[in-house]
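Encoded as C-alpha coordinates, the structure appears first; notes follow it.
Keep in mind the model is a prediction, meaning the values are calculated, not measured. All residue numbers refer to positions in the sequence shown, counting from 1.
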Amino acid sequence: GDIAVTVANSAGNSAPVATDVSIVGNSAIGSLLSGVYSYSDAQGNEEGVSTFRWMRDGAEIAGATDSSYTITNDDAGSMLQFEVTPVALSGGTLVGTAVISAEFAVDANAAPTAGALNITGSLGEGETLTATYTYSDAEGDAEGASTIQWLSDGTTISGAVGSTYIIQSDQVGAMISFEVTPIAAAGSLVGTAVTSNAVGPVPANTAPTAADVSISGTTQSGETLTGNYTYSDAEDDAEGTSTFRWLSDGAEIAGATSTTYTLTADDEGTLISFEVTPIAAAGTASGTAVESNTVGPITEPPPPPAPPI
(Lines give C-alpha, C1' and ligand atoms only; values in the text may rest on other atoms or scores of the structure.)
Protein backbone atom coordinates (compact mmCIF):
# COMPACT_ATOMS: atom_id res chain seq x y z
CA GLY A 1 0.00 0.00 0.00
CA ASP A 2 0.95 3.64 0.04
CA ILE A 3 3.73 4.78 2.44
CA ALA A 4 3.10 8.12 4.23
CA VAL A 5 6.16 10.24 5.12
CA THR A 6 5.79 13.09 7.65
CA VAL A 7 8.45 15.90 7.67
CA ALA A 8 8.68 18.00 10.85
CA ASN A 9 8.41 21.73 10.18
CA SER A 10 11.58 23.12 11.68
CA ALA A 11 11.95 26.79 12.61
CA GLY A 12 13.26 28.95 9.74
CA ASN A 13 16.92 29.97 9.75
CA SER A 14 16.82 33.41 11.45
CA ALA A 15 19.07 36.36 10.55
CA PRO A 16 22.13 37.26 12.66
CA VAL A 17 21.79 40.20 15.03
CA ALA A 18 24.03 42.98 16.38
CA THR A 19 23.51 44.28 19.90
CA ASP A 20 25.27 46.67 22.28
CA VAL A 21 26.36 48.87 19.36
CA SER A 22 28.39 51.80 20.69
CA ILE A 23 31.35 54.12 20.06
CA VAL A 24 34.48 54.01 22.20
CA GLY A 25 37.18 56.69 22.17
CA ASN A 26 38.11 60.29 22.89
CA SER A 27 35.90 63.09 21.59
CA ALA A 28 38.77 65.37 20.54
CA ILE A 29 39.51 66.06 16.88
CA GLY A 30 42.20 63.70 15.63
CA SER A 31 41.17 60.91 17.98
CA LEU A 32 40.65 57.34 16.76
CA LEU A 33 37.18 55.98 17.51
CA SER A 34 36.19 52.31 17.59
CA GLY A 35 32.75 51.02 16.76
CA VAL A 36 31.99 48.04 19.02
CA TYR A 37 29.08 45.57 19.07
CA SER A 38 28.12 42.02 19.96
CA TYR A 39 27.34 39.56 17.15
CA SER A 40 24.98 36.64 17.61
CA ASP A 41 23.18 34.09 15.45
CA ALA A 42 20.38 31.80 16.68
CA GLN A 43 21.73 28.91 14.66
CA GLY A 44 25.30 29.52 15.78
CA ASN A 45 26.44 30.62 12.33
CA GLU A 46 29.80 32.38 12.54
CA GLU A 47 30.10 36.04 11.60
CA GLY A 48 31.00 36.76 8.04
CA VAL A 49 31.95 40.17 6.66
CA SER A 50 29.60 42.46 8.54
CA THR A 51 29.38 45.96 7.07
CA PHE A 52 29.77 49.33 8.79
CA ARG A 53 28.90 52.96 8.27
CA TRP A 54 29.75 56.10 10.19
CA MET A 55 27.24 58.93 10.27
CA ARG A 56 27.69 62.65 10.95
CA ASP A 57 24.57 64.42 12.15
CA GLY A 58 22.52 61.63 10.56
CA ALA A 59 24.25 61.74 7.17
CA GLU A 60 26.57 59.02 5.91
CA ILE A 61 30.27 59.97 5.92
CA ALA A 62 31.72 59.08 2.52
CA GLY A 63 34.35 56.36 2.69
CA ALA A 64 33.91 55.71 6.43
CA THR A 65 33.17 51.98 6.22
CA ASP A 66 35.55 50.44 8.75
CA SER A 67 34.91 49.58 12.37
CA SER A 68 37.22 52.45 13.35
CA TYR A 69 37.14 56.13 12.41
CA THR A 70 39.49 59.08 12.98
CA ILE A 71 37.72 62.30 13.89
CA THR A 72 38.46 65.11 11.42
CA ASN A 73 37.99 68.88 11.45
CA ASP A 74 34.77 68.36 9.50
CA ASP A 75 33.33 66.57 12.53
CA ALA A 76 33.97 69.43 14.96
CA GLY A 77 30.90 70.08 17.09
CA SER A 78 28.84 67.34 15.38
CA MET A 79 27.18 64.11 16.53
CA LEU A 80 28.68 60.86 15.22
CA GLN A 81 27.03 57.43 15.05
CA PHE A 82 28.29 53.98 14.15
CA GLU A 83 26.06 51.56 12.24
CA VAL A 84 26.64 47.83 11.81
CA THR A 85 24.84 45.41 9.54
CA PRO A 86 25.57 41.89 10.85
CA VAL A 87 26.38 39.33 8.20
CA ALA A 88 26.60 35.57 8.86
CA LEU A 89 29.23 33.41 7.21
CA SER A 90 26.64 30.72 6.38
CA GLY A 91 23.03 29.74 6.98
CA GLY A 92 19.79 30.48 5.32
CA THR A 93 19.57 34.17 6.15
CA LEU A 94 22.97 35.79 5.89
CA VAL A 95 22.25 39.51 6.41
CA GLY A 96 20.68 40.91 9.55
CA THR A 97 19.12 44.27 10.30
CA ALA A 98 21.32 47.34 10.52
CA VAL A 99 21.68 48.68 14.05
CA ILE A 100 22.95 52.19 14.85
CA SER A 101 24.66 53.41 18.00
CA ALA A 102 23.68 56.29 20.22
CA GLU A 103 24.99 59.70 19.25
CA PHE A 104 28.60 60.51 20.16
CA ALA A 105 29.36 64.23 20.62
CA VAL A 106 32.59 65.54 19.07
CA ASP A 107 34.38 68.49 20.66
CA ALA A 108 34.13 71.81 18.89
CA ASN A 109 37.33 72.80 17.06
CA ALA A 110 39.11 75.40 19.17
CA ALA A 111 40.20 78.59 17.42
CA PRO A 112 43.96 79.20 17.07
CA THR A 113 45.68 81.56 19.50
CA ALA A 114 48.60 83.98 19.43
CA GLY A 115 50.86 84.57 22.42
CA ALA A 116 54.26 85.90 23.44
CA LEU A 117 53.88 89.04 21.30
CA ASN A 118 57.05 91.11 21.11
CA ILE A 119 58.55 94.03 19.17
CA THR A 120 62.26 94.23 18.40
CA GLY A 121 64.26 96.96 16.72
CA SER A 122 65.54 100.48 17.37
CA LEU A 123 63.10 103.32 18.02
CA GLY A 124 63.58 106.25 15.70
CA GLU A 125 62.31 107.73 12.48
CA GLY A 126 63.39 105.52 9.58
CA GLU A 127 64.18 102.55 11.83
CA THR A 128 62.63 99.10 11.23
CA LEU A 129 60.58 97.32 13.89
CA THR A 130 59.85 93.57 13.76
CA ALA A 131 56.80 91.84 15.23
CA THR A 132 57.12 88.32 16.65
CA TYR A 133 54.56 86.02 18.25
CA THR A 134 53.87 82.37 18.97
CA TYR A 135 51.06 80.60 17.09
CA SER A 136 49.29 77.62 18.64
CA ASP A 137 46.24 75.48 17.92
CA ALA A 138 44.73 72.89 20.27
CA GLU A 139 44.09 70.48 17.40
CA GLY A 140 47.50 71.03 15.84
CA ASP A 141 46.05 72.80 12.80
CA ALA A 142 48.84 74.45 10.83
CA GLU A 143 49.01 78.23 10.67
CA GLY A 144 47.39 79.86 7.69
CA ALA A 145 47.72 83.51 6.64
CA SER A 146 47.64 85.19 10.04
CA THR A 147 47.37 88.99 9.79
CA ILE A 148 49.45 91.70 11.50
CA GLN A 149 48.40 95.35 11.77
CA TRP A 150 50.63 98.08 13.24
CA LEU A 151 49.19 100.74 15.55
CA SER A 152 50.27 104.25 16.58
CA ASP A 153 48.91 105.28 19.98
CA GLY A 154 46.35 102.48 19.54
CA THR A 155 45.15 103.71 16.15
CA THR A 156 45.58 101.72 12.96
CA ILE A 157 48.44 102.93 10.73
CA SER A 158 47.09 102.86 7.18
CA GLY A 159 48.89 100.29 5.03
CA ALA A 160 51.15 99.16 7.90
CA VAL A 161 50.63 95.40 7.69
CA GLY A 162 53.10 92.56 7.89
CA SER A 163 55.78 91.49 10.34
CA THR A 164 57.98 94.58 9.86
CA TYR A 165 57.32 98.32 9.95
CA ILE A 166 59.53 101.31 9.12
CA ILE A 167 58.83 104.18 11.52
CA GLN A 168 57.64 107.34 9.78
CA SER A 169 57.95 110.98 10.84
CA ASP A 170 54.25 110.95 11.76
CA GLN A 171 55.04 108.54 14.60
CA VAL A 172 57.53 110.81 16.40
CA GLY A 173 56.32 111.00 20.02
CA ALA A 174 53.87 108.09 19.60
CA MET A 175 53.70 104.63 21.19
CA ILE A 176 53.91 101.80 18.64
CA SER A 177 52.25 98.38 18.96
CA PHE A 178 50.93 95.67 16.66
CA GLU A 179 47.85 93.47 16.54
CA VAL A 180 47.93 89.88 15.29
CA THR A 181 44.90 87.83 14.28
CA PRO A 182 45.87 84.12 14.26
CA ILE A 183 44.43 82.16 11.35
CA ALA A 184 44.54 78.38 10.98
CA ALA A 185 44.87 76.62 7.64
CA ALA A 186 42.03 74.25 8.61
CA GLY A 187 39.44 73.69 11.32
CA SER A 188 38.19 76.74 13.21
CA LEU A 189 40.03 79.25 11.09
CA VAL A 190 40.09 82.66 12.79
CA GLY A 191 41.21 83.27 16.35
CA THR A 192 40.90 86.35 18.54
CA ALA A 193 43.04 89.39 17.70
CA VAL A 194 45.72 90.10 20.31
CA THR A 195 47.60 93.40 20.75
CA SER A 196 51.22 93.62 21.85
CA ASN A 197 52.61 95.90 24.52
CA ALA A 198 53.50 99.30 23.09
CA VAL A 199 57.07 100.57 22.68
CA GLY A 200 58.08 104.22 22.64
CA PRO A 201 57.56 107.05 22.58
CA VAL A 202 59.37 107.35 19.26
CA PRO A 203 62.14 109.96 19.65
CA ALA A 204 62.62 112.69 17.12
CA ASN A 205 65.35 111.93 14.61
CA THR A 206 68.27 114.28 15.26
CA ALA A 207 69.95 116.12 12.42
CA PRO A 208 73.42 115.09 11.26
CA THR A 209 76.41 117.18 12.30
CA ALA A 210 79.72 118.27 10.82
CA ALA A 211 82.72 118.75 13.09
CA ASP A 212 86.45 119.46 12.76
CA VAL A 213 85.83 121.61 9.70
CA SER A 214 89.19 122.81 8.41
CA ILE A 215 91.22 123.71 5.34
CA SER A 216 94.51 122.18 4.21
CA GLY A 217 96.81 123.31 1.41
CA THR A 218 99.12 126.14 0.38
CA THR A 219 97.58 129.62 0.59
CA GLN A 220 98.81 131.15 -2.60
CA SER A 221 97.06 131.64 -5.90
CA GLY A 222 97.27 128.69 -8.27
CA GLU A 223 97.33 126.20 -5.40
CA THR A 224 94.43 123.88 -4.49
CA LEU A 225 92.85 123.94 -1.03
CA THR A 226 90.97 120.99 0.45
CA GLY A 227 88.01 121.24 2.84
CA ASN A 228 88.01 118.63 5.61
CA TYR A 229 85.28 117.65 8.10
CA THR A 230 83.90 114.77 10.16
CA TYR A 231 80.28 113.67 9.54
CA SER A 232 78.21 112.08 12.32
CA ASP A 233 74.57 111.17 13.01
CA ALA A 234 73.07 110.09 16.35
CA GLU A 235 70.93 107.45 14.65
CA ASP A 236 73.82 106.32 12.43
CA ASP A 237 71.99 107.49 9.32
CA ALA A 238 74.47 107.31 6.46
CA GLU A 239 75.73 110.50 4.88
CA GLY A 240 73.82 111.66 1.86
CA THR A 241 74.88 114.44 -0.48
CA SER A 242 76.30 117.03 1.90
CA THR A 243 76.77 120.47 0.34
CA PHE A 244 79.79 122.80 0.35
CA ARG A 245 80.66 126.46 -0.17
CA TRP A 246 83.93 128.37 -0.35
CA LEU A 247 84.01 131.97 0.84
CA SER A 248 86.38 134.84 0.21
CA ASP A 249 86.32 137.43 3.01
CA GLY A 250 82.93 135.98 3.98
CA ALA A 251 81.39 136.27 0.49
CA GLU A 252 80.39 133.14 -1.42
CA ILE A 253 82.65 132.29 -4.33
CA ALA A 254 80.45 131.53 -7.34
CA GLY A 255 80.68 127.92 -8.51
CA ALA A 256 82.96 126.81 -5.67
CA THR A 257 80.77 123.96 -4.36
CA SER A 258 83.06 120.96 -3.92
CA THR A 259 85.49 119.89 -1.20
CA THR A 260 88.40 121.37 -3.14
CA TYR A 261 89.04 124.86 -4.47
CA THR A 262 91.84 126.20 -6.66
CA LEU A 263 92.87 129.69 -5.68
CA THR A 264 92.95 132.40 -8.33
CA ALA A 265 94.53 135.82 -8.62
CA ASP A 266 91.19 137.30 -7.51
CA ASP A 267 91.69 135.67 -4.11
CA GLU A 268 95.05 137.31 -3.44
CA GLY A 269 94.96 139.37 -0.26
CA THR A 270 91.69 137.78 0.96
CA LEU A 271 90.85 135.33 3.71
CA ILE A 272 89.34 132.02 2.56
CA SER A 273 86.96 129.76 4.50
CA PHE A 274 85.14 126.47 3.79
CA GLU A 275 81.53 125.73 4.79
CA VAL A 276 79.79 122.32 4.93
CA THR A 277 76.11 121.54 5.41
CA PRO A 278 75.85 117.89 6.53
CA ILE A 279 73.03 115.91 4.90
CA ALA A 280 71.85 112.43 5.93
CA ALA A 281 70.56 109.83 3.50
CA ALA A 282 67.58 109.10 5.82
CA GLY A 283 65.83 110.46 8.88
CA THR A 284 66.22 114.20 9.50
CA ALA A 285 68.14 114.99 6.37
CA SER A 286 69.76 118.37 6.74
CA GLY A 287 72.01 119.55 9.57
CA THR A 288 73.38 122.97 10.41
CA ALA A 289 76.00 124.56 8.17
CA VAL A 290 79.44 124.82 9.82
CA GLU A 291 82.18 127.16 8.60
CA SER A 292 85.90 126.60 9.06
CA ASN A 293 88.41 129.09 10.38
CA THR A 294 89.82 131.32 7.68
CA VAL A 295 93.20 130.81 6.04
CA GLY A 296 95.30 133.48 4.38
CA PRO A 297 95.65 136.17 3.33
CA ILE A 298 96.23 134.53 -0.02
CA THR A 299 99.55 135.46 -1.55
CA GLU A 300 100.67 135.66 -5.11
CA PRO A 301 103.04 132.95 -6.27
CA PRO A 302 106.75 133.77 -6.03
CA PRO A 303 108.34 135.20 -9.17
CA PRO A 304 110.19 132.77 -11.39
CA PRO A 305 113.93 132.56 -10.80
CA ALA A 306 116.10 134.95 -12.81
CA PRO A 307 117.72 133.41 -15.86
CA PRO A 308 121.38 132.63 -15.45
CA ILE A 309 123.80 135.26 -16.70
Side-chain angles (χ1 to χ4, degrees), residues 1-115 134-146 181-192:
D2 294 336
I3 299 174
V5 178
T6 302
V7 178
N9 183 24
S10 62
N13 189 298
S14 58
V17 296
T19 57
D20 303 324
V21 181
S22 64
I23 296 174
V24 176
N26 190 293
S27 57
I29 292 171
S31 298
L32 179 65
L33 302 179
S34 295
V36 298
Y37 62 98
S38 296
Y39 171 88
S40 63
D41 185 273
Q43 290 75 40
N45 294 320
E46 294 182 4
E47 184 176 9
V49 184
S50 296
T51 60
F52 314 110
R53 293 196 307 165
W54 289 85
M55 320 287 286
R56 179 192 304 122
D57 291 333
E60 181 178 354
I61 301 173
T65 57
D66 294 326
S67 60
S68 61
Y69 175 70
T70 300
I71 301 174
T72 70
N73 284 317
D74 292 338
D75 303 314
S78 69
M79 304 297 286
L80 296 180
Q81 290 175 285
F82 170 65
E83 179 190 271
V84 57
T85 300
V87 176
L89 185 61
S90 61
T93 305
L94 297 181
V95 181
T97 301
V99 182
I100 197 164
S101 71
E103 291 182 330
F104 180 93
V106 177
D107 297 343
N109 187 294
T113 60
T134 301
Y135 170 90
S136 61
D137 186 274
E139 292 77 31
D141 296 326
E143 184 172 12
S146 297
T181 301
I183 296 178
S188 183
L189 297 181
V190 182
T192 301

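Using modelled atom types, no side-chain atom of Thr65 and backbone atom of Arg53 make a donor-acceptor pair closer than 3.5 Å. Between the side chain of Asp20 and the main chain of Tyr37, no donor-acceptor pair closer than 3.5 Å is present. Distance alone, capped at 3.5 Å, is enough to place a donor-acceptor pair between the Glu139 side chain and the Ala110 backbone.
Between Asp141 and Asn109 there is a side-chain heavy-atom pair separated by less than 4.5 Å. Val87 places none of its side-chain heavy atoms less than 4.5 Å from the side chain of Val49.
Looking at every heavy atom in both residues, Asp75 comes nearest to Tyr69 through OD2-OH, 2.7 Å. Taking each heavy atom of Ser50 and Val84 in turn, the nearest pair found is CB-CG2, 4.3 Å. Scanning both residues, Ser68 and Leu32, for their nearest heavy atoms gives CB-CD1, 4.0 Å. Closest approach of Ile23 to Leu80, counting heavy atoms only: CD1-O, 3.7 Å. Between Asp66 and Phe52, the shortest heavy-atom distance links the atoms O-CB, 3.7 Å. Here the shortest heavy-atom pairing between Ala15 and Thr93 reads CB-CG2, 3.5 Å.
Crowding of Glu46 atom CD: a count of heavy atoms from other residues, nucleotides or ligands under 6.0 Å not exceeding 12.
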